[in-house]
Peer 1: 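What follows is a single structure, and I will ask about it in a moment.
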Amino acid sequence: MPELPEVEIRRQYLETSSLHQPINHIEVEDKKLLTTDYATLAQALTGRQFTGTRRTGKNLFVLTDDPAVIVHMHFGMTGDLEYYHSSLDRPRFARIVFEFANGFNLGFLCPRKFERVGLVDDIDAFLLRKKIGPDGLAISLDELTERIRRKKAFIKPVLLDQSVVAGLGNWIVDEVLFQAFIHPEQRADTLTDIQMRQLHQAIYLVLETAIRYEATYRDFPNNFLIHVREWDDSPYDDVEAHKFCPRCQTRIERSVVGGRTTFFCPKEQVIS
DNA sequence: AGCTATGTTAGATC
DNA sequence: TGATCTAACATAGC
């Protein structure tokens, strides 16, 4: 589920599996997944090698031995990477495959086709053009405060806005707001200095924790809200009974904010 | 069978 | 114009 931590895990995975191997061929099942036309992509990458990676928010960039050829990957809601050898092991949904000269393959798994791959020649220019803000792990308290205070919308959709701070998705924003004791519908421009400090700290805590546990939710600390969601695999009425705040045991509320399903503790996350 | 989904964005609306 | 909001996208899984 590719929010910033999952993309960071995929970056590390690609870095340890797929560098310094000449690319023989690129297989693309559905051209709609490409943001660069296939002929251009194939021509630019054939014979090249991946040499390193960069990440900003949910965007992964793969450098090659040609400084002007950089692959951009976005994992949408369900994208993943898998490095494999035999074509018999080709994973399901590997709709884009980078075939290396050594016989190994890097599959870009696109189960729901919300994923995108394309070429970029300048990362900074790309980020500017796409209005991607500072990475959630790198943003300072002052910059976060300045960017949030100029918005009047609810804090939750503001945190989901990649131009404000990059990398936070639906689950993580809920977790961050829970850890910071902030109601998802508090207006962004009304956050106090104390709340901003809590928010900044919570963003770092949640992202760091998720990366440390390799984004495996069930391993997260017990005081994380994420567990409320993880168990939500049976009909809502059935499961509501065990959704309680891990800190105060109040029943967790479920609503829709900014068009997304939202969980929060109605007792501890109040609008001030 | 019908509903929901982790993300992004075009187009509508304020 | 600019900010904000909504719906749609394509598909799998439950």
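Predicted model only: the values in this text are computed from it and were never measured. Every chain is numbered from 1 and lettered A, B, ... according to where its sequence line falls, protein lines coming before strand lines.
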Peer 1: Is a donor-acceptor pair below 3.5 Å formed from side chain Arg260(A) to base dT8(B), judging by atom type as modelled?
Peer 2: yes
Peer 1: OP1, OP2 of dT8(B) versus side-chain N and O of Lys131(A): anything below 4.0 Å?
Peer 2: no
Peer 1: Can you tell me if His74(A) touches the phosphate of dT8(B), counting only side-chain N or O atoms and a distance under 4.0 Å to OP1 or OP2?
Peer 2: yes
Peer 1: Is Phe93(A) touching bases, backbone alone, or none of the nucleic acid, heavy atoms closer than 4.0 Å?
Peer 2: sugar-phosphate
Peer 1: What is the distance from CZ of Arg92(A) to P of dA12(C), rounded to the nearest Å?
Peer 2: 7 Å
Peer 1: Do Asn222(A) and His227(A) meet the criterion of a side-chain donor-acceptor pair at a distance under 3.5 Å?
Peer 2: no
Peer 1: Please report the distance, rounded to the nearest Å, between CG in Asp161(A) and P in dT8(B).
Peer 2: 10 Å
Peer 1: Base, sugar-phosphate alone, or nothing: which one does Gly169(A) contact when heavy atoms must sit under 4.0 Å apart?
Peer 2: sugar-phosphate
Peer 1: Using the side-chain heavy atoms of Pro111(A), tell me which of these nucleotides is nearest: dA10(C), dA12(C), dT4(C).
Peer 2: dA12(C)
Peer 1: Quickly work out the Ile226(A) CD1 to dA5(B) C1' distance and round it to whole Å.
Peer 2: 13 Å
Peer 1: Counting only side-chain heavy atoms from C-beta out, which of dC5(C), dA12(C), dA5(B) sits nearest to Ala153(A)?
Peer 2: dC5(C)
Peer 1: Applying side chain to side chain contact (heavy atoms under 4.5 Å, CB included) to Gln21(A) and Tyr83(A), what does each step give before you reach the verdict?
Peer 2: CA-CA 12 Å; Gln21(A) 301 157 52; Tyr83(A) 185 78; 2.7 Å; yes
Peer 1: Can a side chain N or O of Lys151(A) be found less than 4.0 Å away from OP1 or OP2 on dT4(C)?
Peer 2: yes
Peer 1: Starting the side chain at C-beta, find the nucleotide from dC5(C), dA5(B), dG7(B) nearest to Lys58(A).
Peer 2: dG7(B)
Peer 1: Would you compute the distance between atom CD of Glu175(A) and atom CG of Leu205(A) and round it to the nearest 0.5 angstrom?
Peer 2: 8.0 Å
Peer 1: Please tell me if Thr261(A) has a side-chain N or O lying less than 4.0 Å from either OP1 or OP2 of dA5(B).
Peer 2: yes
Peer 1: Are Gln162(A) and dT8(B) close enough that a side-chain N or O sits under 4.0 Å from OP1 or OP2?
Peer 2: yes
Peer 1: Please pick, from dT9(B), dA10(C), dA5(B), the nucleotide with the shortest atom-to-atom distance to any side-chain atom of Lys130(A).
Peer 2: dT9(B)
Peer 1: Do Arg247(A) and Phe178(A) meet the cation-pi criteria used here (NZ or CZ under 6.0 Å from the six-membered ring centre, within 45° of the axis)?
Peer 2: yes
Peer 1: If I take atom CD in residue Glu29(A) and atom P in nucleotide dA10(C), what distance separates them, rounded to the nearest angstrom?
Peer 2: 15 Å
